[in-house]
Participant: 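Mind looking over this structure? Questions follow.
Worth saying up front: this structure is predicted, and the values here are computed from it rather than measured.
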Amino acid sequence: MVLAGLAAACSSEPVADDVSWSPTVDTTWQWQLEGDLNSSYDVDVYDIDLFDTTRAVIEQLHSEGRKVVCYFSAGSHEDWRDDVGSVDPDAIAEPLDGWEDERWFDVTDPSVRSVMEGRLDLAARKGCDGVEPDNVDAYDNESGLSLSRDDQIDFNSWLAAEARRRDLAVGLKNSLDLIPELVDQFDFAVNEECWANDECGELALFTEAGKPVFHAEYDRAMIDGGFDGCAWARAQNIRTLVLPIDLDDTFRVSCDE
């Protein structure tokens, strides 16, 4: 436990190395993880699935002037991914709330980190410009694990350093409570439903540092019913999309249009 605490203290230092590309607070985006990719949106960045997207699709997006952020789960076991067989079964814990086919990873386990290194290598080989590692908040969920806040900071800091070592910009997904310790190490934030949960103010450390907040809401109440949620989002200087929770492009409202 003492060694883990020392690792957390060391790895929570800001990552100094620059990457070739990082987004700005004005960078526009599209987020689609399911279905046939709709590449017609006039945005700066596409956030798409690392595994389901071919290098050819990424190259096509690049040829159209887009940057590409590649999504993968860094903190959960998805049994349909072909690389999870090398994770120690003892490092696979309880299901995620609402996602019964995913189970929390023990992010202190070396086999989990080895798989994540492979995923970052894959992102680099495919030509991704950045990565969005998801589910990096097991410590704050009913995971069946005894993870501490320092354990999570250590893992998230390690992820950021490993991504940037591969010249990949890296986003912090949700994990609002960890932003003060991690904002210097990440290039952008990705957030789900901070408006619905009245939490968007906690993301201000990113925008104040000149780093974008890519924000998605799944409830159209933000834009329907007389409340001008897009004016609110622009006032917060966050890049807000209203999307289906399946992220399959069945509808899309952008507050930047």
Participant: Please identify each residue that fulfils salt bridge (Lys or Arg N to Asp or Glu O under 4.0 Å) with E59, with sequence neighbours left out.
Facilitator: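 Scan of E59 (salt bridge (Lys or Arg N to Asp or Glu O under 4.0 Å), adjacent residues dropped) gives R55.
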Participant: Just by distance, with hydrogens left out, do N38 and S40 show a side-chain donor and acceptor under 3.5 Å apart?
Facilitator: yes
Participant: Got a sec, which pairs hit disulfide (SG to SG under 2.5 Å) with one end in residues 143-173, sequence neighbours left out?
Facilitator: none
Participant: How many angstroms lie between atom OG1 of T108 and atom CG of D154, to the nearest 0.5 angstrom?
Facilitator: 9.0 Å
Participant: Mind checking what makes salt bridge (Lys or Arg N to Asp or Glu O under 4.0 Å) contact with E102, not counting sequence neighbours?
Facilitator: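 Not a single residue meets the salt bridge (Lys or Arg N to Asp or Glu O under 4.0 Å) criterion with E102.
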Participant: Got a donor-acceptor contact below 3.5 angstrom from the E199 side chain to the L203 backbone?
Facilitator: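 Here the side-chain-to-backbone pair does not exist.
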Participant: Does S148 offer a backbone N or O that forms a donor-acceptor pair with the side chain of D151 under 3.5 Å?
Facilitator: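 Flag set: sc D151 to bb S148 pair under 3.5 Å.
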Participant: Is it the case that one hydrophobic cluster holds both V131 and I58, taking links as side-chain heavy atoms less than 4.5 Å apart, direct or via other members?
Facilitator: no
Participant: Residues in side chain to side chain donor-acceptor pair (under 3.5 Å) with T28, at least two apart?
Facilitator: D44
Participant: State plainly whether one hydrophobic cluster holds both V87 and L50, where clusters connect Ile, Leu, Val, Met, Phe, Trp and Tyr through side-chain heavy atoms under 4.5 angstrom apart.
Facilitator: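 Yes, V87 and L50 fall within the same hydrophobic cluster.
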Participant: What is the distance from atom CG of D49 to atom CD of E132, rounded to the nearest 0.5 Å?
Facilitator: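 If I round to the nearest 0.5 Å, the distance is 10.0 Å.
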Participant: Test your reading of the model: is there a side-chain donor-acceptor pair from S175 to the backbone of K173, 3.5 Å cut-off?
Facilitator: yes
Participant: Does a donor on one side chain and an acceptor on the other come within less than 3.5 Å for N135 and S76?
Facilitator: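 Yes.
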Participant: Give a yes or no on whether the backbone of Y139 and the side-chain of R149 come within a donor-acceptor separation of less than 3.5 Å.
Facilitator: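 Not confirmed, R149 side chain does not pair with Y139 backbone.
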Participant: Minimum heavy-atom separation for V43 and R252, please, with both atom names.
Facilitator: CG1-NH2, 3.4 Å
Participant: Nearest 0.5 angstrom please: D256 CG to I238 CD1, how far?
Facilitator: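 One gets 10.0 Å once the value is rounded to the nearest 0.5 Å.
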Participant: Going by heavy atoms in the side chains, are V136 and L178 under 4.5 Å from each other?
Facilitator: no
Participant: Mind checking whether V84 and V112 sit in one hydrophobic cluster, side chains of I, L, V, M, F, W, Y counted as touching below 4.5 Å?
Facilitator: no
Participant: Using a 3.5 Å distance criterion without hydrogens, assess whether the side chain of S63 forms a donor-acceptor pair with backbone atoms of Q60.
Facilitator: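 The answer is yes, because a donor-acceptor pair under 3.5 Å joins these two groups.
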Participant: Quick check on the hydrophobic clustering: are L120 and V107 connected, directly or via other members, by side-chain heavy-atom contacts under 4.5 Å?
Facilitator: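 Yes: a chain of side-chain contacts under 4.5 Å links L120 to V107.
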Participant: What distance separates H215 NE2 from E192 CD, expressed to the nearest 0.5 Å?
Facilitator: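 Those atoms lie 9.5 Å apart.
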Participant: Starting from the C-alpha separation in whole Å, work towards a yes-or-no answer on side-chain contact (heavy atoms from CB on, under 4.5 Å) for N141 and L96.
Facilitator: CA-CA 8 Å; N141 284 274; L96 278 64; over 6 Å; no
Participant: When you compare the side chain of I223 with that of C230, does any pair of heavy atoms fall below 4.5 Å?
Facilitator: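 Result yes, sub-4.5 Å side-chain heavy-atom pair found.
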Participant: Kindly give the cluster partners of V45, where membership spreads through any ILVMFWY side chain lying under 4.5 Å from a current member.
Facilitator: W21, W29, W31, L33, V69, Y71, F188, V190, F214, Y218, L241, L243, I245, L247
Participant: Using the side chain to side chain donor-acceptor pair (under 3.5 Å) criterion, which residues pair with R220? Sequence neighbours excluded.
Facilitator: D224
Participant: Under the disulfide (SG to SG under 2.5 Å) definition, can you give me all pairs with a residue in residues 114-189, not counting sequence neighbours?
Facilitator: C70-C128
Participant: Scan residues 114-129 for pairs that pass salt bridge (Lys or Arg N to Asp or Glu O under 4.0 Å), counting only residues two or more places apart or in two chains.
Facilitator: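 Passing the test, one end in residues 114-129: D83-R119, D121-R166.
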Participant: If two hydrophobic side chains count as joined below 4.5 Å and joins carry through other members, does W158 share a cluster with W104?
Facilitator: yes
Participant: Measuring only between side-chain heavy atoms, which start at C-beta, is L172 closer than 4.5 Å to F206?
Facilitator: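 Yes, at least one pair of side-chain atoms sits under 4.5 Å.
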Participant: As a quick check of understanding, evaluate side chain to side chain donor-acceptor pair (under 3.5 Å) for S111 and D109, giving each step before the final call.
Facilitator: CA-CA 6 Å; S111 67; D109 190 280; 2.4 Å; yes
Participant: Pairs in or reaching into residues 143-207: which pass disulfide (SG to SG under 2.5 Å), with residues at least two apart or in two chains?
Facilitator: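 Counting only pairs at least two positions apart or across chains, the disulfide (SG to SG under 2.5 Å) contacts touching residues 143-207 are C194-C200.
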Participant: Under 3.5 Å, is there a donor-acceptor pair linking the side chains of D137 and Q152?
Facilitator: no
Participant: Can you name the salt bridge (Lys or Arg N to Asp or Glu O under 4.0 Å) partners of E78, sequence neighbours left out?
Facilitator: R81
Participant: May I ask you to check whether over 12 heavy atoms, not counting those of D97, lie within 6.0 Å of atom CG?
Facilitator: no
Participant: Would you find a donor on one side and an acceptor on the other, under 3.5 Å apart, between the side chain of D88 and the backbone of D90?
Facilitator: yes
Participant: Taking side chain as C-beta onward, heavy atoms only, is Q236 less than 4.5 Å from W195?
Facilitator: no
Participant: Does the distance from a Lys or Arg side-chain N to an Asp or Glu carboxylate O, for R113 and E162, drop under 4.0 Å?
Facilitator: no
Participant: Looking at residues at least two apart in the chain, or sitting in another chain, which of them share a side chain to side chain donor-acceptor pair (under 3.5 Å) with D167?
Facilitator: S20
Participant: Quick check: are there more than 12 heavy atoms from other residues, nucleotides or ligands sitting under 6.0 Å from CD of E142?
Facilitator: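 No, CD of E142 has 12 or fewer neighbouring heavy atoms, counting only those of other groups under 6.0 Å.
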Participant: Got a sec, which residues hit salt bridge (Lys or Arg N to Asp or Glu O under 4.0 Å) with D249, two or more places apart in sequence or on another chain?
Facilitator: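 With neighbours one apart ignored, the set is empty.
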Participant: Is the shortest side-chain heavy-atom distance between F186 and N156 below 4.5 Å?
Facilitator: yes
Participant: Going by distance alone, is a donor N or O of one side chain under 3.5 Å from an acceptor N or O of the other, for D248 and T250?
Facilitator: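 Result is yes, a qualifying pair exists.
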Participant: Distance from R239 atom CZ to S254 atom OG, nearest 0.5 Å?
Facilitator: 8.5 Å
Participant: Calculate, to the nearest 0.5 Å, the distance between atoms CG and CE belonging to D228 and M222 respectively.
Facilitator: 9.0 Å
Participant: State whether the side chain of D52 and the backbone N or O of E34 hold a donor-acceptor pair below 3.5 Å, judged by distance alone.
Facilitator: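 Side chain of D52 to backbone of E34, a donor-acceptor pair under 3.5 Å: no, none is there.
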